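To keep things clear, I will list the structure first and then write my remarks on it.
Everything numeric in this text was worked out from a predicted model, so none of it was measured. Letters go in sequence order (proteins before strands), and every chain restarts at 1.
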Number of protein chains: 2
Amino acid sequence: MTTDAEAPRPITRIQREKQEVILEAALDVFSQFGFRGSTIDQIAEAAGMSKPNLLYYFKSKEDIHAPLLARILDTWLEPLREMDPDGDPLPEIQSYIRRKLEMSRDFPRESRLFANEMLRGAPGFYDILHTDLKDLVDEKVKIIKGWMAEGKVAKADPYHLIFSIWATTQHYADFDIQVKAVLGRERGGEGRFEDAARFLDQLFLHGLSPKKR
Amino acid sequence: MTTDAEAPRPITRIQREKQEVILEAALDVFSQFGFRGSTIDQIAEAAGMSKPNLLYYFKSKEDIHAPLLARILDTWLEPLREMDPDGDPLPEIQSYIRRKLEMSRDFPRESRLFANEMLRGAPGFYDILHTDLKDLVDEKVKIIKGWMAEGKVAKADPYHLIFSIWATTQHYADFDIQVKAVLGRERGGEGRFEDAARFLDQLFLHGLSPKKR
DNA sequence: GTCTATACACTGATAGAC
DNA sequence: GTCTATCAGTGTATAGAC
């Protein structure tokens, strides 16, 4: 009655779980210190295991880092992918900003890992930016240009519009320490994200509403 | 007739020049890889000298890094300091955005060094953010609030307004590689900063113009 | 699967010849 | 002032006992 169907592959459930623990710990470390500034020792300690043990699951530092990066770009662009050409323009943009800001709130480490990669010039990553990312942005830019031509959105450079949405939302993850230092005890709590959401809504919607002349 | 007034101190002109060369090289390296990810060897090579020779001028890695950071925060906040309470509100804000964007264009490495520090949680730097930086921002926030009360600027959260100016302008230095990848060959040249300036002018000025009801 | 031990390259920093 | 040589410590990665 027993079968050996459970282990047809060298990847078992427990292995996957351990790998997840390691990736989780690695995200903590890489997002703070970048690839070169992080050590396997740090990651192993954060994961609660010895260094050789960690290296049993991932055979090199690079092998831990790469899947984290791959996973992130995909997650990161999900909100942009969902921007609906058939939706109401301003609410679509507003919703995109909201979702992007929520990602900064809920996945700050992922944002910082990405930022670290950009800062060092995105080695072995530039190709993806230049193809997949560019293609997606180009597609959405066309949609936004359409909305502008219809007079539903104020005319502005759609590329820089997207950059400014990325910049303003990711700032709350990447520069979190600065944001909190400046806002101080009273205003720097969790409410800062709601304040930010309100402000960005106003800035972009007011800034993008077609002028009535 | 010759005097020894030229060398009353152990710090000579030539020493200063060498130190400048080293700091210049260190800025290159630190801005890419952060403090921990950078090595003295890398810096020495970039500065065209041997590692022991470099360590003759700065006795530790930290001693090279610290003055760079100190210099930067000061330079960085200069445009904000110059925002004039007695000036015309919208042009003052516009001028601030311009100057900040020019700094991203002219001093991208400084911006990236700062970003690297923020990403790792600004150790031994948080105090300055929490005092000097916060004080300056608080002061300017009061000015902006005054403008809003007078109806010269649309009402919005002044802290998040400042954050969004920092974020959008610094993005062009910190995420330069991504900006260029997305804009591609035709639009990614030096003109990208003028396009950005036009866009940001429009976004912020349109977004902050007081509504006429 | 997990650990100890270890190989071996790199890094920060110093000593001492020139 | 600048170099070669060097040291102690850390870092990545592997070997092999359990």
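- Rounded to whole angstrom, the span from the CD atom of Glu45(A) across to the C1' atom of dC3(C) amounts to 17 Å.
- Here Tyr57(A) lies in heavy-atom contact (under 4.0 Å) with sugar-phosphate atoms only.
- Residues Glu82(A) and Glu92(A) share a closest heavy-atom pair of O-OE1, 4.1 Å.
- Side-chain nitrogen and oxygen atoms of Ser50(A) include none within less than 4.0 Å of the OP1 or OP2 phosphate oxygen of dT2(C).
- Aromatic ring pairs are classed by plane angle as parallel below 30°, tilted from 30° to 60° and perpendicular above 60°; the pair Phe163(A) and His171(B) is tilted.
- Phe58(A) places its CZ atom 13 Å from the P atom of dT2(C), with the value rounded to the nearest Å.
- Tyr159(B) and Asp195(A) share no side-chain donor-acceptor pair at under 3.5 Å.
- Distances shown here put every side-chain N or O of Asn53(A) at or beyond 4.0 Å from the OP1 or OP2 atom of dG1(C).
- Remark: C1' of dG11(D) and CG of Leu54(A) are 14 Å apart, rounded to the nearest angstrom.
- Relative ring orientation between Phe114(A) and Trp76(A) is described as tilted, the plane-to-plane angle lying within the 30° to 60° band.
- For Asp63(A) and dT14(D), the CG to C1' distance is 15 Å, given to the nearest whole Å.
- Remark: Arg120(B) is not positioned above the aromatic ring of Phe33(A), lacking an NZ or CZ atom under 6.0 angstrom from the ring centre and at most 45 degrees off the axis.
- What you find for Ala25(A) and Ile43(A) is that their closest heavy atoms are CB-O, 3.7 Å.
- Between the CD atom of Gln42(A) and the P atom of dT10(D) there is a distance of 13 Å, given to the nearest Å.
- Distance from the side chain of Lys18(B) is smallest for dT2(D) among the nucleotides dG1(C), dG1(D), dT2(D).
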Polar atom pairs (N or O), protein with nucleotides 10-13 of chain C, under 3.5 Å:
from    : atom 1 : to       : atom 2 : distance (Å)
dG12(C) : OP1    : Ser38(B) : O      : 3.4
dG12(C) : OP1    : Lys61(B) : NZ     : 3.0
dG12(C) : OP2    : Ile40(B) : N      : 2.7
dG12(C) : N7     : Lys51(B) : NZ     : 2.9
dA13(C) : OP2    : Lys61(B) : N      : 2.9

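- In this structure, Ile64(A) atom CD1 and dA13(D) atom C1' are separated by 12 Å, rounded to whole Å.
- OP1 or OP2 of dG1(D) sits under 4.0 Å from a side-chain N or O of Tyr56(B).
- Residues Ser164(B) and Phe204(B) come closest through the heavy atom pair OG-CE2, 3.3 Å.
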